[in-house]
Enquirer: 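Dropping the structure in here first, questions after.
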Amino acid sequence: MANELTIPLLPCVDIDEMASFYEMLGFSITYRQMKPNPYVALRREDCNLHFYGMPGHVPENSHSTCVVIVEDTGSLYEAFAAGMRAVHKKVLIAGIPRMTRPRLRNDRYTGFVVVDPGGNWVRFSKAAQEPEAKTPLARAMENAARQADARGDERQALKILEGALKKADASEDRAEAEAFRDELIERITSSGQRPDA
């Protein structure tokens, strides 16, 4: 098999809400229908995402996900972040919708996640694996990224990072780890929880 194209079809409550969200990220509508079933197709360069309206869909309970392999997660994240800032005056990092920052995970891939208004986790990941982490703090950040950004377990990620920060020296990774810790605290408190609970 060669030159195949796979396009994820993901659920949502409202296709117009999904279209607006992804247009903010630089996607264009390539197809839209309301009858017999609500459906919208979106495209940004070679990335195609399709959504269907599903009565009774609860975004907070969604298990839908897909992976999009890209050459450069950093520039794509910055483009998405600029779109969010233009509409919301900030990058949405908590609740639904939200977006994580590109981070190296413990599977050796760098990526970020967009959780869209339908609760779908669209995971943007680099095609190539990165070299192994050199410091204990860098390894802890990878493990925390796996917990928070891949599993949605911000509390466990925070526990990992805080433990590693207590043991870490003044390494070059420290500022990045502290920024990640602060983001995790904001994500937890934005959901109405206490970070130390």
Enquirer: Is any side-chain heavy atom of Ile188 less than 4.5 Å from a side-chain heavy atom of Arg155?
Expert: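 Yes, side chains in contact.
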Enquirer: Assess the residue pair Tyr22 and Asp116 against the criterion (side-chain hydrogen bond (donor to acceptor under 3.5 Å, both in side chains)); give the C-alpha distance rounded to whole Å, side-chain angles, the decisive distance to 0.1 Å, and a yes or no.
Expert: CA-CA 8 Å; Tyr22 280 99; Asp116 65 30; 2.8 Å; yes
Enquirer: Got Lys90 and Leu92 here, is their nearest side-chain heavy-atom distance under 4.5 Å?
Expert: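 With C-beta onward as the side chain, the pair touches.
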Enquirer: Apply side chain to side chain contact (heavy atoms under 4.5 Å, CB included) to the pair Gln156 and Lys159, showing each step before the final yes or no.
Expert: CA-CA 5 Å; Gln156 183 61 32; Lys159 184 187 280 186; 4.1 Å; yes
Enquirer: Any salt bridge between Glu142 and Arg146, counting N to O under 4.0 Å?
Expert: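 Salt bridge between Glu142 and Arg146, a charged N being under 4.0 Å from a carboxylate O: no.
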Enquirer: Measuring from His50:NE2 to Leu42:CG, what's the distance to the nearest 0.5 Å?
Expert: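 Reported to 0.5 Å precision, the distance equals 7.5 Å.
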Enquirer: Does the side chain of Tyr52 come within less than 4.5 Å of Asn37's, by heavy atoms?
Expert: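 Asn37 vs Tyr52: side chains apart.
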Enquirer: With respect to Val114, which candidate in Phe21, Trp121, Tyr77 satisfies the side chain to side chain contact (heavy atoms under 4.5 Å, CB included) definition?
Expert: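 The passing option is Phe21.
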Enquirer: What heavy-atom pair brings Thr135 and Ala138 nearest, and what distance separates the two atoms?
Expert: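 It is OG1-N, 3.0 Å.
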Enquirer: Would a distance-only check, ignoring hydrogens and angles, find a side-chain to backbone donor-acceptor pair under 3.5 Å from Asp14 to Asp16?
Expert: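 Present.
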Enquirer: Quick one: closest heavy-atom pair of Glu17 and Pro117, and the distance?
Expert: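 Closest heavy-atom pair between Glu17 and Pro117: CD-CB, 3.6 Å.
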Enquirer: For the backbone of Pro11 and the side chain of Asn120, can you confirm whether one donor and one acceptor N or O come within less than 3.5 Å of each other?
Expert: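 Present.
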Enquirer: Please answer whether the main-chain N or O of Leu165 pairs with a side-chain N or O of Arg174 as donor and acceptor at a distance below 3.5 Å.
Expert: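 Yes, because the side chain of Arg174 sits within donor-acceptor range (under 3.5 Å) of the backbone of Leu165.
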Enquirer: Can you tell whether the side chains of Glu183 and Arg187 come within less than 4.0 Å, N to carboxylate O?
Expert: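 Here Glu183 pairs with Arg187 in a salt bridge, since their nearest N and O are under 4.0 Å apart.
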Enquirer: Looking at Ala127 and Ile69, what are the two nearest heavy atoms and their distance?
Expert: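 Scanning both residues completely, I find the closest heavy atoms to be CB-CG2, 3.4 Å.
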Enquirer: Measuring from Arg103:CZ to Glu176:CD, what's the distance to the nearest 0.5 Å?
Expert: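 The CZ atom of Arg103 sits 7.5 Å away from the CD atom of Glu176.
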Enquirer: When you measure from the side chain of Thr100 to the backbone of Val113, do you find a donor-acceptor pair of N or O atoms at a distance under 3.5 Å?
Expert: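 At least one qualifying donor-acceptor pair exists.
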Enquirer: On a heavy-atom basis, which atom in Gly111 and which in Thr73 lie closest, and how many Å separate them?
Expert: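 It is CA-CG2, 4.1 Å.
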Enquirer: For Phe80 and Phe124, take the angle between the two ring planes, folded into 0 to 90°, and tell me which bin it lands in: parallel under 30, tilted 30 to 60, perpendicular over 60.
Expert: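 Answer is perpendicular, since the angle exceeds 60°.
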Enquirer: How long is the span from the CE atom in Met99 to the CD1 atom in Ile93, to the nearest 0.5 Å?
Expert: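 Met99 atom CE to Ile93 atom CD1 measures 10.5 Å (nearest 0.5 Å).
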Enquirer: Checking Arg44 side chain against Asp46 main chain: does a donor-acceptor pair fall under 3.5 Å?
Expert: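 Not a single qualifying donor-acceptor pair exists.
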Enquirer: Quick one: does Gln147's side chain get under 4.5 Å of Ile160's, heavy atoms only?
Expert: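 Yes; the side chains approach each other to less than 4.5 Å.
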Enquirer: Would you check if Leu49 and Pro8 make a side-chain contact, meaning some heavy-atom pair closer than 4.5 Å?
Expert: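 They are in side-chain contact.
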Enquirer: Got a donor-acceptor contact below 3.5 angstrom from the His57 side chain to the Gly118 backbone?
Expert: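 Answer holds: yes.
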Enquirer: Locate the shortest heavy-atom distance separating Phe180 from Met141; write the atom from each residue and the value.
Expert: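 Between these two residues, the closest heavy atoms are CE2-O, 3.9 Å.
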Enquirer: Should Leu10 and Val122 be marked as a side chain to side chain contact (heavy atoms under 4.5 Å, CB included) after you check the CA-CA gap, both sets of side-chain angles, and the distance that decides it?
Expert: CA-CA 10 Å; Leu10 302 167; Val122 182; 4.2 Å; yes
Enquirer: Taking side chain as C-beta onward, heavy atoms only, is Ser62 less than 4.5 Å from Ile96?
Expert: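 No, side chains not in contact.
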Enquirer: CG/Leu158 to CG/Leu184 distance, rounded to the nearest 0.5 angstrom?
Expert: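 Leu158 atom CG to Leu184 atom CG measures 6.0 Å (nearest 0.5 Å).
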Enquirer: Where do Leu104 and Ala145 come nearest, in terms of heavy atoms and distance?
Expert: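 Here Leu104 and Ala145 meet closest at O-CB, 3.9 Å.
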Enquirer: Working to the nearest 0.5 angstrom, can you tell me the gap between Cys66 SG and Ile7 CD1?
Expert: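 One gets 11.0 Å once the value is rounded to the nearest 0.5 Å.
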Enquirer: Determine, stepwise, if the pair Met84 / Met24 fulfils side chain to side chain contact (heavy atoms under 4.5 Å, CB included).
Expert: CA-CA 6 Å; Met84 281 187 179; Met24 171 184 70; 3.7 Å; yes
